[in-house]
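For reference, positions follow the sequence shown, starting with 1.
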Amino acid sequence: ATVPVPDPPTSADSNFYYQDHEVLTGRYSYFYKIDVVDPCGAVGKTSNIGRTMKLSVGADNEKNRNILTWNQYEEWNGGVNEYEVYRGVDGQNMKLIRSLVVRNFATDPTVKQDGEIITFVDDVSDQATTGNGQFCYKIVAKEGTGTFPGVNPQESSSNVECTVQYPLFYVPTAFTPNGDGLNDRFLPLGAFHDIKSYSLEIFNRWGERIYTTTDYQSDDAGWDGNY
């Protein structure tokens, strides 16, 4: 694209902006640079090369975690100081969950960098009790110090990428209703699902119903062995 410069330029023309709408940010990372071209068509100065981040997300359903991978942002004069990880659950607004400082990558067990590719592991087991298991993410790169004089540190956002944790359901085969606070109630447990209705019925060996409930989430949910 060509962005014309007003002739003569004024102080209001010190900053230029260009929006590239013909992109597929969920599929590709893009490189950009600016050439300054004089009226004769000769290239004078050339900017640094800027590269966008392309985020990919996958679900590790066995370990209740999501794996995020993205290419490093390139290239600010001040470098990248940190990457902010934003997460949205079940269509809710995204919230900042981690700030990954680049100089601490070597000692952070949740993140690693291999060449230009950065990987972050998000443990979502604490998000398992409610919702339908959909997780959406974006990465925001934050520039470090050493920027050009008079220019504030910049930031750049990746694409938004989503994944889904499969619903989990567990029915115990035994329980110990002895009042010790451990496994005192018989109750099926689930994760990453949005329950619309629930009913539990228990029958004895002769086919007689001895317990029924629609309570799934209260402190008294589940059968305590009495009937």
Just do the side chain to side chain contact (heavy atoms under 4.5 Å, CB included) check on Asn81 and Arg103 with the steps written out, would you? CA-CA 8 Å; Asn81 180 62; Arg103 66 175 181 271; 3.7 Å; yes
Output yes when [X] and [Y] qualify as a salt bridge under the 4.0 Å nitrogen-oxygen rule, no when they do not.
X: Arg98; Y: Asp108; result: yes
X: Asp122; Y: Arg65; result: no
X: Glu82; Y: Lys142; result: no

Taking all heavy atoms of Val89 and all of Gln127, pick out the closest pair and write down the distance. CG2-OE1, 4.0 Å
Closest approach of Thr176 to Asp180 (non-hydrogen atoms, all atoms of both residues):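 Smallest interatomic distance, heavy atoms only, reads O-OD1, 4.4 Å.
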Start with the C-alpha gap between Thr52 and Lys54, add the side-chain angles, then the distance that decides, and say whether side chain to side chain donor-acceptor pair (under 3.5 Å) holds. CA-CA 7 Å; Thr52 64; Lys54 192 270 180 181; over 6 Å; no
Hey, what do you get for [atom1] ([X]) to [atom2] ([Y]), rounding to the nearest 0.5 Å?
X: Asp60; Y: Asp123; atom1: CG; atom2: CG; result: 10.0 Å
X: Tyr227; Y: Glu208; atom1: OH; atom2: CD; result: 8.5 Å
X: Leu55; Y: Cys136; atom1: CG; atom2: SG; result: 10.5 Å
X: Asn48; Y: Asn77; atom1: CG; atom2: CG; result: 8.0 Å

N/O donor-acceptor pair under 3.5 Å between [X] side chain and [Y] backbone:
X: Asn204; Y: Gly207; value: yes
X: Glu143; Y: Pro153; value: no
X: Ser158; Y: Val140; value: no
X: Tyr211; Y: Gly225; value: no
X: Gln72; Y: Glu74; value: no
X: Asp215; Y: Ser218; value: yes
X: Asp90; Y: Asn132; value: yes
X: Asp20; Y: Glu22; value: yes
X: Asp224; Y: Arg185; value: no

Can you establish whether the number of heavy atoms outside [X] located under 6.0 Å from its atom [atom1] is more than 12?
X: Glu62; atom1: CD; result: no
X: Phe169; atom1: CZ; result: yes
X: Asp35; atom1: CG; result: yes
X: Tyr32; atom1: OH; result: yes
X: Ile34; atom1: CD1; result: no

In terms of side-chain heavy atoms, does Gln165 have a donor or acceptor partner in Asn66 at a distance below 3.5 Å? yes
My understanding is that only residues two or more places apart in sequence, or in another chain, count here; which of them pass ring-ring contact (aromatic ring centres under 6.0 Å, His included) with Tyr86? none
With sequence neighbours left out, write down each residue that passes ring-ring contact (aromatic ring centres under 6.0 Å, His included) with Tyr73, or none if nothing qualifies.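 Counting only residues at least two positions away or on another chain, Tyr73 forms a ring-ring contact (aromatic ring centres under 6.0 Å, His included) with Trp76.
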Same cluster or not: [X] versus [Y], using hydrophobic residues (I, L, V, M, F, W, Y) connected whenever any side-chain heavy atoms lie under 4.5 Å apart?
X: Tyr137; Y: Val164; result: no
X: Ile117; Y: Leu68; result: no
X: Ile210; Y: Leu187; result: yes
X: Val57; Y: Ile97; result: yes
X: Tyr18; Y: Phe31; result: no

Are [X] and [Y] close enough that some pair of their side-chain heavy atoms sits under 4.5 Å apart?
X: Pro188; Y: Leu200; answer: yes
X: Arg87; Y: Lys95; answer: no
X: Ile139; Y: Glu84; answer: no
X: Met53; Y: Asn159; answer: no
X: Arg51; Y: Glu116; answer: yes
X: Asn61; Y: Leu168; answer: no
X: Leu100; Y: Val85; answer: yes
X: Lys33; Y: Thr46; answer: yes

Looking at Phe186, Phe203, Phe175, which one forms a ring-ring contact (aromatic ring centres under 6.0 Å, His included) with Trp223? Phe175
So Val111 and Ile118, side chain to side chain contact (heavy atoms under 4.5 Å, CB included) or not? Walk me through it. CA-CA 7 Å; Val111 62; Ile118 300 169; 3.8 Å; yes
Go through the steps to decide whether Glu75 and Ile49 satisfy the test side chain to side chain contact (heavy atoms under 4.5 Å, CB included), and finish with yes or no. CA-CA 6 Å; Glu75 54 177 350; Ile49 294 176; 4.3 Å; yes
By side-chain contact (heavy atoms from CB on, under 4.5 Å) - contacts of Val102 (at least two apart):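 Checked Val102 against side-chain contact (heavy atoms from CB on, under 4.5 Å); matches are Val80, Tyr83, Phe105.
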